[in-house]
Amino acid sequence: MDQEFDFNSKDFWDKYDERKYLLEAWGKNSKEVNDYCNIVKSKGEDIIYFLTDRTEQEKYLIFEYLDKNANDSNNKEMLDILAKIYLDLYYYLSPYWFDNLLLDEYFQKYKYQKVVNKIFPEFKKLVERQALNRDFNLLPARASKIEEIEKANTALYFIDALGVEFLSYISEKCKENDLMISTTVCVCELPSLTRFNKDFIEEFSTKGSQLIGGEKGIKELDDIKHNGINGHNYENTKLPTHLIGELSVIENIIRKIDIDLSQGTYDRAVIISDHGASRLAVINKNENKWEMQSKGEHSGRCCPKNEIDEKPDFAIEENEYWILANYDRFKGGRKSDVEVHGGASLEEV
């Protein structure tokens with residue numbers, strides 16, 4: 001017998017948890033899940049209360065709901081709901097305290113806007129202020145901190161394009177696996193490209209560390225940011241559903257670390273990234289007036305100095321490149337479908 005439940009009813013969340021348990025116990029029949037999703041679409045704005053994180057189809061509907069209904073004023077309400085229905089996404093959006101007021105504010109707002117697929121006007125002003133103030137220069141360079149790390153019998157996980165936006169998620173997943181974690185936040189070399197940011201590899205490899213994934217590191221996250229996942233890129237969908245894959249990649253790495261440490265394979269594991277990436281620079285879709293000659297280079301976030309003699313607005317000069325620190329792109333570069341790096345926004349550096 002079919003029975004309707006109102007999300008305000010006393011036993012709603014008990015029934016909700018029963019459905020999640022049954023999905024796990026019986027398996028996820030694709031046709032049945034699709035039928036269920038089609039039924040709950042009739043719930044309109046209440047659909048969010050009837051979705052779980054147990055199936056891909058429901059996760060997509062959660063992102064669709066957030067895209068339509070989340071805004072700058074209902075952040076707390078959205079987080080309260082996600083804590084019940086999509087715990088990993090809630091972990092990602094949870095605060096990570098950097099002991100730096102700018103970074104605390106910036107990344108909470110950045111993550112929320114990435115998830116709800118919008119750029120709020122006040123945040124864009126903050127980005128453009130930082131493009132001029134460049135307060136990230138107050139943080140230490142990565143190279144200055146590498147020497148302090150114990151390298152003997154250490155597993156090095158070089159994760160390409162892992163930004164500090166994931167620190168709250170990593171912290172929660174480490175708690176789930178009873179792993180102790182210590183974090184140092186640094187800045188990368190500019191432009192935020194791998195070839196300028198892999199000097200640490202040789203030092204680890206020559207001092208007794210095991211390079212997990214080899215010298216090229218673990219590329220799955222970077223691949224998702226460049227190409228999307230399961231056909232989900234900005235050309236096919238404007239929703240940030242690639243985040244589902246990003247969180248899955250990170251969770252699998254932490255599980256492997258847990259297993260290796262539990263078995264005594266290594267004494268410790270170290271995660272290091274070369275640079276981060278920006279979703280909002282893709283959403284922004286704004287080209288500045290300067291046109292690049294080298295078509296397709298780094299999605300327009302930077303360009304060789306010899307192509308433009310005049311200093312571009314919001315640009316930084318480093319390593320013979322002009323590097324954009326706001327959300328613009330140079331004309332002529334291949335547009336990214338998912339996320340970009342090469343620039344000097346806080347999430348990239």
Side-chain angles (χ1 to χ4, degrees), residues 88 91-92 94-100 103-104 107 136-223 225 246-277 319 341 346-349:
D88 279 357
Y91 285 162
Y92 170 78
S94 296
Y96 181 87
W97 305 116
F98 293 88
D99 197 25
N100 179 301
L103 298 184
D104 292 345
F107 281 101
F136 62 77
N137 286 326
L138 299 174
L139 292 168
R142 184 201 306 104
S144 70
K145 294 295 181 180
I146 296 299
E147 191 175 338
E148 302 172 7
I149 301 172
E150 177 63 51
K151 299 173 183 68
N153 204 29
T154 294
L156 175 66
Y157 285 78
F158 161 32
I159 306 178
D160 196 334
L162 178 74
V164 295
E165 66 186 89
F166 294 105
L167 282 175
S168 59
Y169 180 72
I170 290 170
S171 297
E172 292 297 335
K173 287 297 170 180
C174 285
K175 285 180 189 175
E176 285 185 358
N177 290 278
D178 295 323
L179 294 170
M180 292 188 297
I181 179 173
S182 175
T183 304
T184 303
V185 177
C186 305
V187 292
C188 73
E189 298 296 322
L190 294 178
S192 52
L193 304 171
T194 302
R195 70 174 182 270
F196 293 103
N197 287 283
K198 55 182 183 179
D199 51 296
F200 56 87
I201 295 172
E202 183 178 359
E203 184 164 354
F204 274 85
S205 63
T206 58
K207 293 187 177 179
S209 298
Q210 178 68 39
L211 306 186
I212 308 301
E215 291 190 0
K216 290 185 177 180
I218 298 168
K219 305 290 291 184
E220 287 101 321
L221 202 64
D222 190 57
D223 288 343
K225 291 179 182 294
E246 290 185 318
L247 298 181
S248 178
V249 166
I250 294 168
E251 181 174 31
N252 289 338
I253 289 170
I254 292 172
R255 283 176 178 169
K256 183 177 184 337
I257 288 173
D258 181 41
I259 291 169
D260 287 344
L261 293 179
S262 297
Q263 294 177 344
T265 308
Y266 309 104
D267 292 337
R268 69 194 60 78
V270 176
I271 292 175
I272 299 183
S273 178
D274 48 357
H275 53 74
N319 287 318
H341 61 87
L346 278 175
E347 59 268 29
E348 288 169 286
V349 304

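Treat the numbers as computed from the prediction; the structure is a model and nothing was measured.
Atom CG of Leu162 is separated from atom CD of Glu246 by 9.5 Å, given to the nearest 0.5 angstrom. Note that CZ of Phe200 and OG of Ser205 are 10.5 Å apart. Values are rounded to the nearest 0.5 Å. Between the SG atom of Cys186 and the CD1 atom of Ile146 there is a distance of 7.0 Å, given to the nearest 0.5 Å. In this structure, Asp99 CG and Asp104 CG are separated by 8.0 Å, a value rounded to the nearest 0.5 Å. With values rounded to the nearest 0.5 angstrom, Glu176 atom CD is found 8.5 Å from Arg255 atom CZ. Atom NZ of Lys198 sits about 14.5 Å away from atom CD1 of Ile272, to the nearest 0.5 Å.
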Enumerate, atom names and distances included, each donor-acceptor pair closer than 3.5 Å involving a side-chain atom of residues 211-221, sequence neighbours excluded.
from: Lys219; atom 1: NZ; to: Asp160; atom 2: OD2; distance (Å): 2.5

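Side chains of Phe158 and Asp274 form a contact here, defined as non-hydrogen atoms less than 4.5 Å apart. Proximity of Asn177 to Ile257: side-chain heavy atoms (C-beta onward) are nowhere separated by under 4.5 Å. Side-chain contact check for Lys173 versus Asp88: some heavy-atom pair is nearer than 4.5 Å.
Asp258 contributes no side-chain N or O that, together with a main-chain N or O of Ile254, makes up a donor-acceptor pair within less than 3.5 Å. Here the side chain of Tyr169 pairs a donor or acceptor atom with the backbone of Leu247 at under 3.5 angstrom. Under the 3.5 Å distance criterion, the side-chain polar atoms of Ser209 are matched with a main-chain donor or acceptor of Lys151. Here the side chain of Ser168 pairs a donor or acceptor atom with the backbone of Tyr91 at under 3.5 angstrom. A donor-acceptor pair under 3.5 Å is formed between the side chain of Thr154 and the backbone N or O of Glu150.
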Problem - Check against salt bridge (Lys or Arg N to Asp or Glu O under 4.0 Å), Glu189 and Arg142 - result: CA-CA 8 Å; Glu189 298 296 322; Arg142 184 201 306 104; over 6 Å; no
Exercise for the section: With side-chain contact (heavy atoms from CB on, under 4.5 Å) as the test, would you mind laying out the steps for Tyr96 and Val164 before giving the verdict? Expected result: CA-CA 9 Å; Tyr96 181 87; Val164 295; over 6 Å; no
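For residues 259-272, the salt bridge (charged side-chain N to carboxylate O under 4.0 Å, His left out) pairs, not counting sequence neighbours, are Lys256-Asp260.
For Asp199 against Ala143, the heavy-atom pair with the smallest separation is OD2-CB, 3.9 Å. Residues Thr265 and Asn153 approach most closely at O-OD1, 3.8 Å, considering heavy atoms. The two atoms that bring Cys188 and His275 nearest to each other are SG-CB, 4.2 Å, heavy atoms only. Nearest heavy atoms, Leu103 versus Asn100: N-OD1, 3.0 Å. Closest non-hydrogen pair, Pro191 versus Asn197, comes out as O-ND2, 3.6 Å. Here the closest heavy-atom approach between residue Leu261 and residue Ala269 is recorded as CD2-N, 4.2 Å.
The ring-ring contact (aromatic ring centres under 6.0 Å, His included) search around Tyr92 returns Phe166, not counting sequence neighbours.
Taking the centre of each ring, Phe107 and Phe98 come in below the 6.0 Å mark.
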